[in-house]
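One structure is given here, and the rest of the page talks about it.
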Amino acid sequence: MDLTPIWLSLRLALITTLILLVLGVPVAYWLSRKSSWFKLVIEALVTMPLVLPPSVLGFYLLLAFSPNNGPGKWLNEYFNIHLVFSFEGLILASVIYSLPFMISPLKSAFAHLPTSIAEASYTMGKSHTQTFFKILIPNISGSILTASVLTFAHTLGEFGVVLMIGGNIPNQTKVASIAIFDAVEQMDYSSANFYSLVLFAITFAIVVTVFIFNKHAAKNPFE
Amino acid sequence: MDLTPIWLSLRLALITTLILLVLGVPVAYWLSRKSSWFKLVIEALVTMPLVLPPSVLGFYLLLAFSPNNGPGKWLNEYFNIHLVFSFEGLILASVIYSLPFMISPLKSAFAHLPTSIAEASYTMGKSHTQTFFKILIPNISGSILTASVLTFAHTLGEFGVVLMIGGNIPNQTKVASIAIFDAVEQMDYSSANFYSLVLFAITFAIVVTVFIFNKHAAKNPFE
Amino acid sequence: MIHVHITKEIKRFKGTEKFLVQTDFSVGAVTHISGPSGAGKTTLLRIIAGLVKPEHGHITFEGETWLNTTENLYLPTQARKVGFVFQDYALFPNMTVKEHLSFGTKDVELIQRLLILGKMERFIDQRPRELSGGQQQRLSILRALTTRPRLLLMDEPFSALDQALKAELVPDLKLLLIEMKTTCLVSTHYPLELKGFADFYFEL
Amino acid sequence: MIHVHITKEIKRFKGTEKFLVQTDFSVGAVTHISGPSGAGKTTLLRIIAGLVKPEHGHITFEGETWLNTTENLYLPTQARKVGFVFQDYALFPNMTVKEHLSFGTKDVELIQRLLILGKMERFIDQRPRELSGGQQQRLSILRALTTRPRLLLMDEPFSALDQALKAELVPDLKLLLIEMKTTCLVSTHYPLELKGFADFYFEL
Amino acid sequence: QPLRIAVAANAQSVIKLLQADFKKRTGIATEAIIGASGKLATQIEHGAPFDVFLSADMEFPELLYKNNLSLTKPQVYAQGSLIICSASGQDVGNWQKILSLGTAGKVAIANPKVAPYGKAAEESLVYYNLMERVRPQLVYGGSISQINTYITTGVVSLGFTTEAFLHEQKDSDKLKWVRVDLKSYKKIEQGMLVLSHAKKENYKAAMKFHAYILSTPAQTILKQNGYIIP
Ligand SMILES: Nc1ncnc2c1ncn2[C@@H]1O[C@H](COP(=O)(O)OP(=O)(O)OP(=O)(O)O)[C@@H](O)[C@H]1O
Ligand SMILES: Nc1ncnc2c1ncn2[C@@H]1O[C@H](COP(=O)(O)OP(=O)(O)OP(=O)(O)O)[C@@H](O)[C@H]1O
Ligand code: MOO
Ligand SMILES: [Mg+2]
Ligand SMILES: [Mg+2]
């Protein structure tokens with residue numbers, strides 16, 4: 001059985017999750033602080049990919065990065081970068097598509113932390129950055145894990161956007177979800193089942209990991 | 001412009017969200033309590049729709065609901081219920097598809113509540129049920145709102161599953177996301193833009209509502 | 001008579017420690033539970049309230065069995081009809097002062113009386129995070145009284161109150177307990193503040 | 001000299017109240033801040049630490065301006081080099097006792113000394129939720145000392161400690177403050193426990 | 001890089017035979033990307049890196065040619081045959097009658113806007129004056145292969161599909177089917193293009209493939225798999 005679609009999916013999901021971790025944690029923190037109308041706009045933009053059908057997102061990305069016009073033409077002519085029908089394009093699309101899956105749970109976790117623990121850290125002379133990494137982050141590690149899993153899984157299952165801008169190219173944009181769709185359409189049900197099973201197994205492994213981690217960090221070992 | 005796809009999407013998203021609220025809040029609570037291996041399995045099942053590409057989910061639903069075999073046949077013969085190519089089928093599919101979007105944030109919110117407030121309620125003679133509705137629920141109302149918005153939005157954007165089991169029937173299963181995909185494939189960019197814009201506007205309204213609610217329930221009005 | 005005989009294991013830096021209590025408390029009276037920090041006062045009160053289960057032992061309240069580990073009997077917290085004042089208050093973040101009290105009783109007269117007792121009339125619409133430490137502590141005492149408990153368990157209940165306030169509150173509270181026929185166990189590091197309040201003394 | 005002159009508005013059931021403080025505190029000494037529950041002790045300490053901003057006023061510490069609302073000057077908490085013992089402890093849920101202390105200093109000798117001072121050696125690997133009330137409170141005092149603060153602000157810091165413990169801890173703490181040349185403001189409702197500890201007294 | 005061929009869904013199984021035969025003859029490896037003709041055309045418009053396009057009609061190739069996206073003129077390589085098919089054992093010999101009764105259950109056709117076979121099915125329904133009658137029963141699929149999925153899983157009673165479908169089914173004897181009369185729809189002339197993208201590196205291979213498809217061996221394979229060869 002051809003395993004490249006699975007590898008491609010895993011690579012895509014991993015890279016996307018890493019990018020979103022680096023990007024999402026600070027943004028989520030910033031959004032969780034005092035609200036303003038400017039933040040509202042940013043938050044709305046971050047939320048967009050959630051409500052936008054993947055087909056729409058794919059459509060706009062297609063228009064934006066099509067070598068026929070605007071940014072795509074420019075990238076193409078001056079840098080020879082192609083963001084449609086390429087793996088790089090899928091990464092960009094996935095980052096946009098999965099953005100709210102990272103940001104939304106983290107924002108909520110930050111907002112629920114008691115303000116007093118950050119204050120305690122400030123009184124100990126710690127800067128905002130130190131407090132952020134030493135106090136806030138460790139105390140929402142559970143949520144960070146959950147958000148990462150959500151992001152990873154969501155990217156693994158990405159379909160509509162890839163269908164639109166991926167072009168189903170083996171070893172480049174033919175990820176597992178598309179391979180399954182393809183197999184089903186070609187009535188190759190054994191391949192479809194095989195790919196589905198592998199994805200199933202991966203989810204299971206993820207869930208078990210999270211479960212064990214959470215058990216370890218359980219609330220009150222005393223009761 | 002034909003507005004029925006938009007209405008259909010909104011109706012689908014609303015009904016799905018309501019069903020998942022009723023279903024998801026208790027399940028999330030149950031999952032947040034002491035963990036066991038049985039719960040692990042349930043949690044894995046609840047997480048599945050997240051990682052499963054919508055196309056796969058759609059395919060399996062198609063098989064399950066086919067009037068030729070198993071459950072579909074039974075439903076068809078005894079109750080005359082058809083779950084493929086019908087709005088009811090889309091509701092069921094959406095409920096499955098969006099399950100983790102409701103459960104996951106709620107579970108995390110329940111787990112983060114201090115145990116002592118529930119204990120305080122028990123000492124006041126309140127049953128688990130009373131405590132649940134009067135103490136726990138009100139204290140995670142923010143998360144419930146967030147989870148509902150996630151669910152609503154995610155259903156609004158549902159695409160892969162509908163593509164598979166919907167059959168693209170106007171006024172029944174041709175929801176907005178499909179209408180857009182259709183329009184794009186036909187290079188009817190003005191329709192695609194119109195539908196996308198309407199969905200954009202709806203998201204914006206939702207985000208603003210959540211924003212205002214959260215501002216109202218802000219953390220510390222004193223500081 | 002409240003009869004308590006329990007063992008609970010407590011995790012320690014290395015290995016575990018055994019926490020053992022065997023005693024009787026008088027009903028209809030106030031008993032002061034004392035002991036150094038970490039002795040297990042909070043743990044004992046929580047066990048009596050049914051919030052923590054000990055590994056072994058039994059508890060009876062006027063002949064009614066609340067706990068019996070050999071027979072696997074365990075009366076849930078709700079059925080024990082206790083009131084509890086938590087050391088860290090455990091107030092409901094979503095409720096105002098007034099809502100805290102109405103959560104325990106429909107009796108508006110009692111609520112009014114309690115508000116006066118705790119000098120909390122001016123804060124009825126404030127939520128816990130908008131109250132000072134002492135105000136939160138008073139609210140936590142008042143809340144525990146709304147259900148007219150058979151047994152009131154108070155864990156360090158006056159630590160955030162000023163002397164003048166305490167001098168007024170404690171005697172009034174004593175009268176109310178007598179009126180309600182409520183038995184009371186109170187843990188505190190300040191025996192002085194219980195003068196005229198506690199009838200018995202128990203050292204952990 | 002610490003010079004404080006501030007006004008802060010406090011939301012009330014109906015309308016707002018003005019909270020006004022104008023005073024000087026001696027440097028290098030311990031001042032006991034007293035006042036009825038809800039008088040504003042916590043608020044005052046938080047304002048001095050820079051955690052709450054008053055509407056009007058100024059604060060100077062030995063000539064250094066910490067706050068001046070007319071000139072819109074505001075020294076951030078970190079730069080004020082204070083220590084703070086919170087009324088509700090505000091411990092870090094993710095850290096063990098030892099990690100709390102190493103977060104403030106690399107000086108292992110100081111850490112060891114503080115552990116002994118607070119009798120917390122046996123609990124170094126426990127997290128806040130595994131500590132009794134008094135243990136948590138002691139940890140919160142020790143943590144505030146790790147940074148060798150210029151000014152130590154303590155909000156009801158001994159309320160959960162037993163008498164014997166306090167009798168040992170308070171004098172040792174006093175010596176340490178003198179050694180570190182730390183000024184101290186402490187709020188408490190128990191003036192007795194500050195005998196020999198507080199040099200000055202301020203009533204709110 | 002292998003030669004990339006965008007193939008209309010109706011040819012999804014015959015293309016495998018053609019690829020293998022082409023490889024045997026020339027040693028050139030190829031990759032097939034399957035989709036509805038209209039969808040592939042849209043992707044090509046937006047820069048998809050395909051070298052050859054095998055459409056299910058002439059319209060899409062002509063559009064691409066007009067937009068300067070191809071190196072060759074559209075060329076017909078086969079003619080498609082529309083069938084009506086059922087997997088439920090129901091006899092379809094008198095399908096017009098069955099449909100006119102309106103009791104048949106769901107009827108699947110491909111999206112006429114992007115799939116030429118769907119368009120042909122619609123033309124045929126109009127020709128027999130059945131369109132209005134059948135409309136409530138119609139369900140649409142994104143491409144002809146989705147119709148095939150609907151038929152094989154039994155979620156529809158009847159479906160309009162390509163005759164090539166019968167050759168990709170292992171147990172096709174379970175299917176009841178009949179050719180739709182050629183007079184009831186416009187000829188499905190399937191067109192081929194070598195795309196501009198081939199200029200980059202695969203020009204020679206693309207031209208070879210183009211020539212191969214029109215050669216006798218390829219035409220024979222097409223004929224054996226349900227296509228009408230003139
Ligand atoms: N977030 C808030 N919103 C509104 N009012 C508040 C808020 N925080 C405190 N207050 C009010 O400000 C007043 C002063 O509070 P503060 O906590 O400073 O009192 P305190 O002197 O420390 O009392 P205690 O001894 O009870 O701790 C109180 O009456 C309290 O109700
Ligand atoms: N969740 C827990 N895990 C491990 N040990 C615990 C836990 N909770 C309490 N302990 C330990 O049990 C012992 C008794 O604690 P308890 O809270 O009952 O003491 P206490 O008498 O109330 O003390 P204080 O006066 O300081 O409140 C303490 O030494 C404490 O460290
Ligand atoms: O082969 Mo098509 O383009 O789906 O009719
Ligand atoms: Mg205690
Ligand atoms: Mg205070």
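Not measured: the values here are computed from a predicted model. Chain letters run A, B, ... following the sequence lines, proteins first and then strands; every chain starts at 1.
With contacts defined as side-chain heavy-atom distances shorter than 4.5 Å, the pair C:Phe103/B:Lys126 qualifies. Looking at B:Tyr122 and C:Pro76, their side chains never come closer than 4.5 Å, going by heavy atoms from C-beta outward.
Between chain C and the options B:Ala120, B:Ala118, B:Gly125, B:Ser116, heavy-atom pairs under 4.5 Å are most frequent for B:Ala120. In terms of non-hydrogen atom pairs under 4.5 Å with chain B, the most contact-rich of C:Arg143, C:Lys81, C:Arg127 is C:Arg143.
Residue contact with chain B, scored on non-hydrogen atoms closer than 4.5 Å, is absent for C:Leu153. Of the atoms belonging to B:Ser121, heavy atoms from both backbone and side chain fall under 4.5 Å from chain C.
The two residues B:Met124 and C:Thr146 make their nearest non-hydrogen contact at CE-OG1, 3.7 Å. Listed here is the closest heavy atom pair of C:Leu51 and B:Thr123: CD1-CG2, 4.2 Å. Closest of all the heavy-atom pairs between B:Ile117 and C:Ala90 is CG2-O, 4.1 Å. Closest approach of B:Lys134 to C:Met95, counting heavy atoms only: O-CE, 3.9 Å.
With a 6.0 Å radius and a threshold of 12 heavy atoms from other residues, nucleotides or ligands, C:Glu109 has its CD atom at or below the threshold. Within a 6.0 Å sphere centred on CH2 of B:Trp30, heavy atoms belonging to other residues, nucleotides or ligands number more than 12. Counted within 6.0 Å of NZ on C:Lys119, heavy atoms from surrounding residues, nucleotides or ligands total 12 or fewer; the atom is thus considered open.
Side-chain atoms of B:Asn139 come within 3.5 Å of backbone N or O of C:Asn94 as a donor-acceptor pair.
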